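Down below is the structure, laid out as structure tokens.
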Amino acid sequence: MQQKVRFQIEGMTCQACASRIEKVLNKKDFVESAGVNFASEEAQVTFDDSKTSAADIAKIIEKTGYGAKEKTEDTLPQAEAEHHIGWRLWLLLAINIPFLIGMAGMMIGRHDWMIPPLWQFVLASVVQLWLAIPFYKSAWASIKGGLANMDVLVTIGTVSIYLYSVYMLFFSPHAAHGMAHVYFEAGVMVIGFVSLGKFLEHRTKKSSLNSLGLLLKLTPTQVNVQREGEWKQLPIDQVQIGDLIRANHGERIAADGVIESGSGWADESHLTGESNPEEKKAGGKVLAGALMTEGSVVYRATQLGSQTLLGDMMNALSEAQGSKAPIARVADKAAAVFVPTVVGIALLTFIVTWLIKSDWTVALMHAVAVLVIACPCALGLATPAAIMVGMGKAVKHGIWFKDAAAMEETAHVDAVVLDKTGTLTEGRPQVTAVYCVPDSGFDEDALYRIAAAVEQNAAHPLARAIVSAAQARGLDIPAAQNAQTVVGAGITAEVEGVGLVKAGKAEFAELTLPKFSDGVWEIASVVAISVNGKPIGAFALADALKADTAEAIGRLKKHGIDVYIMSGDNQGTVEYVAKQLGIAHAFGNMSPRDKAAEVQKLKAAGKTVAMVGDGINDTPALATANVSFAMKGGADVAEHTASATLMQHSVNQLADALLVSQATLKNIKQNLFFAFFYNILGIPLAALGFLNPVIAGAAMAASSVSVLGNALRLKRVNIE
């Protein structure tokens, strides 16, 4: 049986490391697929659990030279520790100071600013023989794994400079006359700049790119819990399901629960993307992470930790950010051959420069500059960095993407298919007219009772409306047995004392409606009822458009996206709604199979189609579309099938999803362009001697940080 597992990877220094782990895992016959995300430092592996286990896969990763810790959905992601500069980096930077002063002096002709060669040797030895050990370990582990990483380039370059300078200082013919040309500063400063760049890169990845840290802060660490009749302040990890918890004004809700007493207003924008606070009162629900903006409530905890909606979102976000977008394959393929290619170019640079200049010192400096300037990290970060920020921005707007591939595909969408009920409309239809078949033997109250008996077994908004209307009349609803749903048509059940009842479309109940003078029947959704094969009546139900639907359709059309309505309701109703919204393509009386077939036609015509729906009847079309969006709280199978979930039941969130995805893909392309351009420009300049190793080291460190900085711009992108 196929099983999916996620690991937090420790010890990766560049994209080549991620590629090496992928290569090792994908060679195993029991691994279906393996992907490693350098930016999130996470591996996602699908494997055959009859042949191996997650623990065995972790051991395989560890044998390649990296740490692997399994991540599960049982616990929430852990908050990241503060990222401070460690003593090793502080010492390295301190040693760099005299060399920086000396380099500055040389640039203005003051060679006496550089410390004496022997002191250079001492300081460089401290760096090269001690502080640079992490580079050597990483490089050796990488070479043993058969795929060289960035640290191999740094190691070859700095060790070459150090050994050359030692030779020139102590063993060359010029050494005795104090005329030896040494370059200890180059090796020291390369190690310093690269180390500082790694620190900045790591801090940005952990602190700025990832939205999980912000979500973790939404759960309070201490809460007021009632124990033995008294209110006590307890740590969140001591709260149990069933506990009564109090949340006052300005405090956050600690768990999903039901309000027992009190009232107020809560901001749940962290989950829904909706900035307007929700009113809370006894009997209502509260969600973990919500902020009480007014009032005070006492609620009973029903879900804790990862089982809350917040916990589910955090785990979903963590998994989605750790996945890889298809466009990342471009960088992966380049990074896989990058380091060996750079080593070859550096060797060629050394030989050609030596032959032309007849000076192996100059040749060595040029070759080392080539090694140091080359940076596969920028390539490796280009896609995942943007995906991590884009995913976080999407979640902020109430959009949960399942993975990076779904987000990338969403960026290409140019046609949107919308269901009507619950998507464009409120999903809370009301009975506006009732028709009883003459001489059927059933009056209006009887029609309500029979219909409600059957419809109370259905989850469709039309069914709920009929049940609510019957209850409002104070009618006793009889029991129904053996309820069966006929997808796209209606529902059947045996009603006690009545017989076999059908409720659904007019043709399903074999009812032919007469011509009504009341125009509501032309635009309403119709639910017909039959008993033992004989039609007895029907209900007309109307559903108001959502307040922001017209605005959302306008946004989609503004960005050149074609909009289609496909609904199971009658054609007149669908056309009426389409006319209100200015939608040219409206299809009614569509079965689930019809919707899927129409989506397939759009795809065949070259459209990239997004489908939005919330019911079981939408599932075939959701599965057929290029990308699909389900409404949170709709049918479970719809959410499971969809590429993403919309928390607000709003088409505006769909527009947000498309625009966030487009901005993210644009950012990825910018990052990839920068990463490729950097190397295409930097390597030739280094080979020709226009960049010394020190400047190359600084540029290499800056390249990764620049890519991360560009990705962070996504947080400020306007998607209106």
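For clarity, every value in this text was computed on a predicted model and none was experimentally measured. Computation of the quantities below employed the complete heavy-atom set of this structure, encompassing side-chain atoms and omitting hydrogens, waters and symmetry-equivalent molecules.
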For [X], check ring pair (Phe, Tyr, Trp, His ring centres under 6.0 Å) against everything at least two apart and list the hits.
{"X": "Phe7", "result": "none"}
{"X": "Tyr299", "result": "none"}
{"X": "Tyr576", "result": "none"}

Does any non-hydrogen side-chain atom of [Y] lie less than 4.5 Å from one of [X]?
{"X": "Gln456", "Y": "Ile477", "answer": "yes"}
{"X": "Thr664", "Y": "Lys393", "answer": "no"}
{"X": "Leu424", "Y": "Ile553", "answer": "yes"}
{"X": "Arg464", "Y": "Val467", "answer": "no"}
{"X": "Val286", "Y": "Ile259", "answer": "yes"}
{"X": "Leu287", "Y": "Ile253", "answer": "no"}
{"X": "Leu712", "Y": "Val389", "answer": "yes"}
{"X": "Val431", "Y": "Tyr448", "answer": "yes"}

Distance-only, no hydrogens or angles: does the [X] side chain make a donor-acceptor pair with backbone N or O of [Y] under 3.5 Å?
{"X": "Asp414", "Y": "Gly560", "result": "no"}
{"X": "Thr549", "Y": "Leu545", "result": "no"}
{"X": "His460", "Y": "Leu462", "result": "yes"}
{"X": "Arg252", "Y": "Met292", "result": "no"}
{"X": "Gln8", "Y": "Glu41", "result": "yes"}
{"X": "Ser567", "Y": "Lys420", "result": "no"}
{"X": "Thr432", "Y": "Ala540", "result": "yes"}
{"X": "Asp256", "Y": "Leu309", "result": "yes"}
{"X": "Ser628", "Y": "Ala625", "result": "no"}
{"X": "Asn457", "Y": "Val454", "result": "yes"}

Spacing of [atom1] belonging to [X] relative to [atom2] belonging to [Y], to within rounding of 0.5 Å:
{"X": "Ile399", "Y": "Thr645", "atom1": "CD1", "atom2": "OG1", "answer": "11.0 Å"}
{"X": "Leu581", "Y": "Ile565", "atom1": "CG", "atom2": "CD1", "answer": "6.0 Å"}
{"X": "Glu455", "Y": "Ile466", "atom1": "CD", "atom2": "CD1", "answer": "4.5 Å"}
{"X": "Asn626", "Y": "Glu409", "atom1": "CG", "atom2": "CD", "answer": "5.0 Å"}
{"X": "Gln233", "Y": "Arg246", "atom1": "CD", "atom2": "CZ", "answer": "9.0 Å"}
{"X": "Phe629", "Y": "Trp400", "atom1": "CZ", "atom2": "CH2", "answer": "15.0 Å"}

| task | Quick one: do Leu714 and Val717 satisfy side chain to side chain contact (heavy atoms under 4.5 Å, CB included)? Show the steps, please. | result | CA-CA 5 Å; Leu714 273 172; Val717 168; 4.1 Å; yes
| task | Among residues two or more places apart or on two chains, list those pairs meeting salt bridge (Lys or Arg N to Asp or Glu O under 4.0 Å) that have a residue in residues 551-564. | result |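 Sorted result for residues 551-564: Arg555-Asp656, Asp562-Lys607.
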Considering all heavy atoms of both residues, which atom of [X] and which atom of [Y] are nearest to each other, and what is their separation?
{"X": "Ala54", "Y": "Glu70", "value": "CB-OE1, 3.7 Å"}
{"X": "Ala386", "Y": "Asn671", "value": "CB-ND2, 4.2 Å"}
{"X": "Ala411", "Y": "Ser661", "value": "CB-O, 3.4 Å"}
{"X": "Val36", "Y": "Ala43", "value": "CG2-CB, 4.0 Å"}
{"X": "Pro429", "Y": "Leu541", "value": "CB-CB, 4.2 Å"}
{"X": "Phe539", "Y": "Ala451", "value": "CE1-CB, 3.5 Å"}

| request: Mind checking salt bridge (Lys or Arg N to Asp or Glu O under 4.0 Å) for Arg227 and listing every partner two or more places apart, or none if nothing turns up? | output: Asp243
| query | Can you list the residues that meet the salt bridge (Lys or Arg N to Asp or Glu O under 4.0 Å) rule with Arg300, with sequence neighbours excluded? | reply |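 By the salt bridge (Lys or Arg N to Asp or Glu O under 4.0 Å) rule, Arg300 matches Glu260.
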| request: Apply side chain to side chain contact (heavy atoms under 4.5 Å, CB included) to Leu665 and Gln662, showing your working. | output: CA-CA 5 Å; Leu665 184 61; Gln662 290 173 6; 6.0 Å; no
| Verdict with reasoning, Val298 to Trp231, per side chain to side chain contact (heavy atoms under 4.5 Å, CB included) | CA-CA 11 Å; Val298 174; Trp231 289 101; 3.8 Å; yes
Does atom [atom1] of [X] have more than 12 heavy-atom neighbours from other groups under 6.0 Å away?
{"X": "His559", "atom1": "NE2", "result": "yes"}
{"X": "Gln430", "atom1": "CD", "result": "no"}
{"X": "Asp237", "atom1": "CG", "result": "yes"}

| message | Under the criterion salt bridge (Lys or Arg N to Asp or Glu O under 4.0 Å), I'd like the reasoning laid out for Lys285 against Glu268: C-alpha separation, chi angles, the key distance, then a yes or no. | response | CA-CA 11 Å; Lys285 294 182 179 179; Glu268 297 176 343; over 6 Å; no
| field | Intermediate values then yes/no, side chain to side chain contact (heavy atoms under 4.5 Å, CB included), Val223 and Val239 | value | CA-CA 8 Å; Val223 291; Val239 175; 3.4 Å; yes
| task | Could you go through the side chain to side chain donor-acceptor pair (under 3.5 Å) check for Thr293 and Asp267 one step at a time? | result | CA-CA 7 Å; Thr293 57; Asp267 180 356; over 6 Å; no
| message | Checking Glu42 against Gln44 for the side chain to side chain donor-acceptor pair (under 3.5 Å) test, could you report, in this order, the C-alpha distance in whole Å, the side-chain angles of both residues, the deciding distance, and whether it holds? | response | CA-CA 7 Å; Glu42 182 175 303; Gln44 297 191 16; 3.2 Å; yes
| Ser296 and Asn248: CA distance, side-chain angles, deciding distance, side chain to side chain donor-acceptor pair (under 3.5 Å) verdict | CA-CA 4 Å; Ser296 174; Asn248 297 321; 2.7 Å; yes
